[in-house]
Amino acid sequence: FWEKTVVEIGLESASATMLFVTVSAWACFTVGVLMGMESLSAFLHALRLHWVEYMNKFFGGTGTKFVPFAFRDLAVADSAGGGGGGD
């Protein structure tokens, strides 16, 4: 966008007014893109927070406790006869 607006139109026209117009257009476009991206970021963060707070209303907390995987537990189960040899 810089090449097409400022370099090709503004600098090659050899007019200070045209250079000012093209740099202004480039600056406005750049700020617009940045503002759009920041607005999207803020919106998505707020949406995520609403989702998390909304889901807390329905979370019961019932279920099985998480037990991380460990080879030591498999070795203990295998030595106790619950090794699951798998035929």
Side-chain angles (χ1 to χ4, degrees):
F1 190 70
W2 173 264
E3 293 288 327
K4 292 291 182 190
T5 56
V6 177
V7 175
E8 289 183 11
I9 298 171
L11 290 177
E12 291 179 2
S13 71
S15 168
T17 305
M18 194 56 150
L19 181 61
F20 177 77
V21 168
T22 56
V23 168
S24 298
W26 174 81
C28 289
F29 181 75
T30 301
V31 169
V33 168
L34 292 175
M35 291 294 290
M37 290 173 58
E38 186 59 34
S39 298
L40 182 63
S41 171
F43 167 74
L44 290 176
H45 183 64
L47 186 64
R48 184 191 65 83
L49 287 176
H50 277 84
W51 177 262
V52 168
E53 293 298 325
Y54 180 73
M55 292 313 284
N56 279 339
K57 289 182 176 183
F58 306 105
F59 180 69
T62 59
T64 59
K65 184 178 177 183
F66 173 73
V67 179
F69 178 78
F71 283 109
R72 179 190 47 198
D73 295 338
L74 288 179
V76 169
D78 195 28
S79 64
D87 283 330

Sequence neighbours excluded, which residues qualify as side-chain contact (heavy atoms from CB on, under 4.5 Å) partners of Phe71?
Phe69, Leu74
Give the table of side-chain donor-acceptor pairs shorter than 3.5 Å for residues 26-39, with sequence neighbours excluded, one pair per line with atom names and distance.
unit_1 : atom_1 : unit_2 : atom_2 : d
Thr30  : OG1    : Trp26  : O      : 2.8
Ser39  : OG     : Met35  : O      : 2.8

N/O donor to acceptor pairs below 3.5 angstrom from side-chain atoms of residues 57-67, sequence neighbours left out:
none

Kindly say whether Ala46 contributes a backbone atom to a donor-acceptor pair with the side chain of His50 at under 3.5 angstrom?
yes
How far does OG of Ser15 sit from CD1 of Ile9, to the nearest 0.5 angstrom?
12.5 Å
Using the rule that Ile, Leu, Val, Met, Phe, Trp and Tyr join whenever any side-chain heavy atoms are under 4.5 Å apart, tell me whether Leu49 and Phe43 fall into a single cluster.
no
